[in-house]
Amino acid sequence: MTKKQTCKNEPIIYIEVDKDGPYLVFGNPLIQQEIISPNKYGQSWSYIKGEIYNQKDKDSDKPIALCRCGQSKKKPFCDGSHKCGFNGTETASKEPIEQKAKTYQGHKYTLLDNEAYCAFARFCDAFGQIWNLVLNEDEKSQKTALREAQQCPAGRLIMKNNETGQILELKLKKSIGILEDPRLDISGPLYVKGNIPVKDAQGHFYETRNRQTLCRCGKSCNKPFCDGSHATARFQDGLKLPKDFQK
């Protein structure tokens with residue numbers, strides 16, 4: 001197989017979970033630090049771009065290995081630290097995330113919430129919390145609820161239009177964010193955007209989603225996906241934030 005060729009039906013950009021090892025990223029998508037930034041009330045509200053971490057020839061067919069055990073000294077890249085006993089057993093379901101989601105039917109939108117995929121980014125908490133906002137009938141609450149759902153990096157929160165039944169998603173370019181959460185003084189998961197497929201260690205693909213977060217602290221009980229365990233573990237990757245960033 002020559003460079004840039006792929007097997008039939010194999011995606012050009014995808015992530016493969018190595019058994020008890022790193023994430024192997026194929027296709028060279030943008031890998032960039034993204035910092036959760038608060039509004040004036042201290043609530044998670046937006047993302048600020050930081051360092052870019054692509055470190056290979058753009059034409060190379062070799063994958064980039066990103067740490068998922070949380071122990072690498074070369075984060076976000078793998079340095080082989082997983083070989084010292086990391087148990088990366090995958091426990092996440094292959095079922096669509098909607099199947100076990102709770103439903104909150106509001107006046108204009110219906111919110112689907114699968115808490116098992118919570119990345120503890122807290123965009124859902126602003127201005128009275130999304131679970132309350134979606135049930136309110138005023139236009140401001142509806143717009144805020146939709147925004148909060150679409151900012152959730154994990155895709156735990158999904159919003160549907162009640163009139164059309166359409167899932168309302170932002171168009172996201174295929175990329176991987178290295179999430180940082182300086183307000184809590186912790187580092188977060190990998191923010192995988194733009195429907196990048198994720199293949200498990202046995203060669204099977206999980207549901208392809210526009211927004212998803214992959215654990216990189218090594219502590220999640222829903223591997224390979226984040227379940228917010230980095231917050232309890234106080235995970236820190238040691239990467240520097242942009243000089244002009246203000247908490």
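These numbers come from a predicted model, not from an experiment.
- Distance check, rounded to the nearest 0.5 Å: CD1 of Ile176 to CG of Leu190 gives 6.5 Å.
- Of the candidates Thr213, Asp113, Asn114, Asp113 is the only one forming a side chain to side chain donor-acceptor pair (under 3.5 Å) with Arg156.
- Cation-pi geometry between Lys94 and Tyr206 is satisfied (NZ or CZ under 6.0 Å from the ring centre, within 45° of the ring normal).
- To the nearest 0.5 angstrom, Arg68 atom CZ is 9.5 Å from Leu24 atom CG.
- Atom CZ of Phe225 sits about 9.5 Å away from atom OG of Ser93, to the nearest 0.5 Å.
- Connection of Ile196 to Ile158 is established within a shared hydrophobic cluster, with ILVMFWY side chains joined at heavy-atom distances below 4.5 Å, either directly or through further cluster members.
- Put simply, Leu66 and Leu179 are part of two different groups of oily side chains (I, L, V, M, F, W, Y) that touch within less than 4.5 Å, one to the next.
- Under the 3.5 Å distance criterion, the side-chain polar atoms of Glu51 are left unmatched by any main-chain donor or acceptor of Pro242.
- For the pair Gln151 and Ser46, the tightest heavy-atom approach, listed with the atom from each and the gap, is NE2-CA, 3.8 Å.
- With sequence neighbours excluded, the residues forming a ring-ring contact (aromatic ring centres under 6.0 Å, His included) with Phe123 are Tyr47, listed by chain and number.
- The two atoms that bring Met159 and Ala145 nearest to each other are CE-O, 3.3 Å, heavy atoms only.
- Around the CD atom of Gln129, the shell of radius 6.0 Å holds more than 12 heavy atoms that belong to other residues, nucleotides or ligands.
- Partner Leu111 forms a side-chain contact (heavy atoms from CB on, under 4.5 Å) with one of Leu133, Leu146, Ile130 and no other, that one being Ile130.
- Rounding to the nearest 0.5 Å places CD of Glu148 at 8.5 Å from CH2 of Trp131.
- When side chains are defined from C-beta on, Glu16 does not count as touching Val25, because their heavy atoms never get closer than 4.5 Å.
- Leu168 and Tyr117 are members of different hydrophobic clusters when ILVMFWY side chains are connected at heavy-atom separations under 4.5 Å.
- Using a 4.0 Å cut-off between a side-chain N of Lys or Arg and a carboxylate O of Asp or Glu, Glu180 and Lys240 do not qualify as a salt bridge.
- In terms of the side-chain hydrogen bond (donor to acceptor under 3.5 Å, both in side chains) criterion, residue partners of Arg122 (sequence neighbours excluded) are, by chain and number, Asp181.
- Identified under the ring pair (Phe, Tyr, Trp, His ring centres under 6.0 Å) test for residues 148-189, with sequence neighbours left out: none.
- With Lys223 contributing its side chain and Gly218 its backbone, the two residues share a donor-acceptor pair below 3.5 Å.
- For the residue pair Asn195/Thr208, the side-chain donor-acceptor check at 3.5 Å is not satisfied.
- Side-chain N or O atoms of Lys143 include none that pairs as donor or acceptor with a backbone N or O of Lys140 at under 3.5 Å.
- Side-chain N or O atoms of Gln212 include none that pairs as donor or acceptor with a backbone N or O of Lys193 at under 3.5 Å.
- By the criterion of side-chain heavy atoms lying less than 4.5 angstrom apart, applied directly or through intervening Ile, Leu, Val, Met, Phe, Trp or Tyr residues, Phe77 is grouped together with Leu239 in one hydrophobic cluster.
- Once rounded to the nearest 0.5 Å, the distance linking CG of Asn210 with CD1 of Ile167 reads 10.0 Å.
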Exercise for the section: Under the side-chain contact (heavy atoms from CB on, under 4.5 Å) rule, what do Lys19 and Thr89 come out as? Steps first, then yes or no, please. Expected result: CA-CA 7 Å; Lys19 180 175 170 56; Thr89 301; 5.6 Å; no

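- A cation-pi arrangement, defined by a distance under 6.0 Å to the six-membered ring centre and an angle within 45 degrees of its axis, is absent between Lys83 and Phe86.
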Practice task
Show the numbers, then the answer: is there a side-chain contact (heavy atoms from CB on, under 4.5 Å) between Thr232 and Lys219?
Solution key: CA-CA 9 Å; Thr232 303; Lys219 307 293 185 183; over 6 Å; no

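- Other members of the hydrophobic cluster containing Phe127, listed by chain and number, are Tyr41, Trp45; membership follows side-chain contacts under 4.5 Å among ILVMFWY residues, whether direct or relayed.
- Between Cys215 and Cys217, the shortest heavy-atom distance links the atoms SG-N, 3.6 Å.
- In the model, Ser81 has a side-chain atom that pairs as donor or acceptor with a side-chain atom of Asp79 under 3.5 Å.
- With sequence neighbours excluded, no residue forms a side-chain hydrogen bond (donor to acceptor under 3.5 Å, both in side chains) with Asn161.
- Here the closest heavy-atom approach between residue Gln33 and residue Leu241 is recorded as NE2-CD2, 4.0 Å.
- Within the structure, every pair that satisfies the salt bridge (charged side-chain N to carboxylate O under 4.0 Å, His left out) test and touches residues 201-211, not counting sequence neighbours, is listed here: Glu169-Arg211.
- Contact record, Leu170 with Gln150: CD2-OE1, 3.5 Å, taken as the closest heavy-atom pair.
- Each of Leu157 and Ile36 belongs to its own hydrophobic cluster when Ile, Leu, Val, Met, Phe, Trp and Tyr are linked at side-chain heavy-atom distances under 4.5 angstrom.
- The side-chain hydrogen bond (donor to acceptor under 3.5 Å, both in side chains) test applied to Asn136 returns Ser141, not counting sequence neighbours.
- Glu90 has its side chain within reach of Pro224: a pair of non-hydrogen atoms, C-beta onward, lies under 4.5 Å apart.
- The pair Lys108-Glu139 meets the salt-bridge criterion, since a charged nitrogen lies less than 4.0 angstrom from a carboxylate oxygen.
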Practice task
Begin with the C-alpha distance, continue with both residues' side-chain angles, and end with the deciding distance and a verdict on side-chain contact (heavy atoms from CB on, under 4.5 Å) for Ile15 and Val192.
Solution key: CA-CA 9 Å; Ile15 298 171; Val192 181; 3.9 Å; yes

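- Judged purely by atom type and a 3.5 angstrom limit, Asp200 uses its side chain to pair as donor or acceptor with the backbone of His204.
- Taking the side chain as every heavy atom from C-beta outward, Pro22 and Cys67 never approach each other to under 4.5 Å.
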Just distance, no hydrogens or angles: give the donor-acceptor pairs under 3.5 Å from side chains in residues 97-107, sequence neighbours left out.
unit_1, atom_1, unit_2, atom_2, d
Glu98, OE1, Lys160, NZ, 3.4

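- In this structure, Ser44 has no side-chain hydrogen bond (donor to acceptor under 3.5 Å, both in side chains) partners at least two apart in sequence or on a different chain.
- Residues forming a ring-ring contact (aromatic ring centres under 6.0 Å, His included) with Tyr109 (at least two apart in sequence, or on another chain): none.
- Leu184 belongs to a hydrophobic cluster with Phe120, Ile186, counting contacts under 4.5 Å between side-chain heavy atoms of Ile, Leu, Val, Met, Phe, Trp and Tyr, direct or through other members.
- Lys174 NZ to Asn28 CG: the interatomic distance, rounded to the nearest 0.5 Å, is 14.0 Å.
- Listed by chain and number, the residues in a ring-ring contact (aromatic ring centres under 6.0 Å, His included) with Tyr23 amount to none (sequence neighbours excluded).
- A 4.5 Å side-chain heavy-atom check between Ile52 and Ile31 finds every atom pair outside the cut-off.
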Exercise for the section: Please step through side-chain contact (heavy atoms from CB on, under 4.5 Å) for the pair Gln32 and Lys49, ending with a clear verdict. Expected result: CA-CA 7 Å; Gln32 185 171 22; Lys49 304 293 186 181; 3.6 Å; yes

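- Shown are Pro153, Cys226, Ser175; of these, the side-chain contact (heavy atoms from CB on, under 4.5 Å) with Tyr191 is made only by Pro153.
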